[in-house]
Amino acid sequence: MALPFARSLCLCRRGAKRLGAAAAEARRGISFKLEEKTAHSSLLLFKGDTGVKYGMVGLEPTKLALNVERFREWAVVLADTAVTSGRHYWEVTVKRSQQFRIGVADVDMSRDSCIGVDDRSWVFTYAQRKWHTMLANEKAPVEGMGQPEKVGLLLEYEAQKLSLVDVSRIAVVHILQTDFRGPVVPAFALWDGELLTHSGLEFSLDRASAAASAQVSDGVYESW
């Protein structure tokens with residue numbers, strides 16, 4: 001279940017029709033925008049707050065509204081919707097950036113830190129044409145991804161997993177084991193170019209599982 005940042009979401013299920021609608025929503029997963037009040041001063045949101053651009057100079061900090069939720073040291077922005085349960089899938093167009101991190105983070109992570117540096121954020125990072133996982137400033141290589149135009153992220157809260165998905169093949173490339181202790185939000189950091197998010201998407205677990213299993217036999221992808 002996806003819960004808005006500032007309030008709890010109360011679901012009222014009345015009858016089979018409402019249950020069916022709730023199930024369809026669960027398959028579509030989280031729907032979010034980027035939260036401007038968390039964005040570092042070097043980041044600019046665009047396209048209805050679904051995209052983020054990096055500017056070397058950035059916005060003048062004195063012109064930004066003062067709040068404790070804004071990242072102060074690193075070019076990070078969080079989404080506006082938190083997750084406490086369920087499976088959720090979203091995609092990110094990454095073709096216009098050569099250095100970025102994408103994943104999830106605790107809603108209350110330190111605004112003086114960067115995602116992937118502490119142990120309360122879980123990310124996939126891309127730099128120097130290579131992919132890695134990153135947690136508590138420790139990196140591990142991710143093979144078989146290349147330089148796609150778009151990638152997918154699959155969050156399985158109860159299973160404590162965050163998966164990187166090859167959108168072109170509908171295949172899970174790498175599964176990052178997590179340790180969620182509370183609400184988490186999609187999180188993004190970048191140091192050049194731009195990222196564009198696509199949320200509220202459906203994801204075929206059966207197709208992805210079959211594709212991942214097939215690739216395991218070739219030693220490329222991790223199992224589901």
Side-chain angles (χ1 to χ4, degrees), residues 1-11 25-40 43 45 49-50 52 67-92 94 100-126 132-140 142 151-165 172-190 195 197-203 205 224:
M1 183 189 303
L3 301 178
F5 228 172
R7 68 183 185 278
S8 297
L9 177 63
C10 179
L11 294 179
E25 184 65 26
R27 287 195 297 272
R28 284 197 296 272
I30 185 177
S31 181
F32 63 83
K33 292 185 176 181
L34 303 179
E35 183 61 82
E36 191 279 335
K37 65 184 178 182
T38 68
H40 184 267
L43 301 178
L45 305 188
D49 294 345
T50 62
V52 57
N67 65 76
V68 297
E69 295 186 50
R70 189 176 302 284
F71 282 85
R72 294 175 284 272
E73 302 295 331
W74 299 85
V76 176
V77 62
L78 303 180
D80 65 357
T81 305
V83 171
T84 60
S85 64
R87 285 192 179 113
H88 303 276
Y89 177 70
W90 62 95
E91 294 177 352
V92 186
V94 298
F100 58 84
R101 297 175 189 176
I102 54 176
V104 297
D106 282 358
V107 296
D108 58 352
M109 72 167 288
S110 171
R111 283 358 186 208
D112 293 318
S113 185
C114 184
I115 56 174
V117 172
D118 62 12
D119 64 352
R120 305 317 308 156
S121 55
W122 303 263
V123 303
F124 295 98
T125 176
Y126 182 79
H132 293 82
T133 62
M134 192 170 183
L135 172 63
N137 222 22
E138 294 290 333
K139 291 184 178 180
V142 174
V151 299
L153 291 176
L154 177 64
L155 170 63
E156 299 177 272
Y157 192 92
E158 285 82 4
Q160 302 275 287
K161 293 178 181 179
L162 180 68
S163 300
L164 181 64
V165 178
V172 173
V173 175
H174 194 96
I175 299 174
L176 180 59
Q177 197 66 44
T178 64
D179 181 26
F180 301 141
R181 302 172 192 171
V184 295
V185 289
F188 309 85
L190 72 160
L195 301 174
T197 66
H198 314 273
S199 62
L201 304 176
E202 292 187 12
F203 184 71
L205 295 175
W224 181 257

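All values reported here derive from a predicted model rather than from experimental measurement.
- Considering I115, L190, V52 as possible partners of V77, the one that fulfils the side chain to side chain contact (heavy atoms under 4.5 Å, CB included) test is V52.
- The two residues S121 and V117 come nearest to each other via the heavy atoms OG-N, 4.3 Å.
- Side chains of V76 and H40 form no contact here, defined as non-hydrogen atoms less than 4.5 Å apart.
- With hydrogens and angles ignored, the 3.5 Å screen pairs no side-chain donor or acceptor of E91 with any backbone N or O of L153.
- Contact of the T197 side chain with the W90 side chain is not registered, since no non-hydrogen atoms from C-beta on lie closer than 4.5 Å.
- In this structure a side-chain-to-backbone donor-acceptor pair under 3.5 Å is missing from R70 to V68.
- Within the 3.5 Å criterion, the main-chain N or O of A159 finds a donor-acceptor partner in the side chain of Q177.
- When every heavy atom of I175 is checked against every heavy atom of S163, the shortest pair comes out as CG1-OG, 3.5 Å.
- Here the closest heavy-atom approach between residue L162 and residue G103 is recorded as CD2-CA, 4.0 Å.
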Next on the checklist: salt bridge (Lys or Arg N to Asp or Glu O under 4.0 Å) for D80 and K33? Distances and angles first, verdict last.
Outcome noted: CA-CA 6 Å; D80 65 357; K33 292 185 176 181; over 6 Å; no
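- Judged by distance alone, with hydrogens and angles left aside, the side-chain atoms of T38 form a donor-acceptor pair with the main-chain N or O of E35 at under 3.5 Å.
- Among all heavy-atom pairs drawn from F188 and I102, the shortest one is CD2-CG2, 3.8 Å.
- Between H88 and P186 there is no side-chain heavy-atom pair separated by less than 4.5 Å.
- Here E138 contributes atom CD and H132 contributes atom NE2; the two are 12.0 Å apart, rounded to the nearest 0.5 Å.
- Looking only at side-chain heavy atoms (C-beta outward), T178 and E156 stay at 4.5 Å or farther from each other.
- Residues V185 and F32 fail the side-chain proximity criterion, which asks for heavy atoms closer than 4.5 Å.
- Residues Y89 and E202 approach most closely at CD2-O, 3.7 Å, considering heavy atoms.
- Annotation: side chain of R120 is in contact with side chain of D179 (closest heavy-atom distance under 4.5 Å).
- Side-chain atoms of V173 and V151, non-hydrogen and from C-beta on, never get closer than 4.5 Å to each other.
- A 4.5 Å side-chain heavy-atom check between F124 and V92 finds every atom pair outside the cut-off.
- Across Y157 and V83, no two heavy atoms sit closer than the pair CE1-O, 3.6 Å.
- Separating the CG atom in D106 from the CG atom in D118 is a distance of 7.5 Å, to the nearest 0.5 Å.
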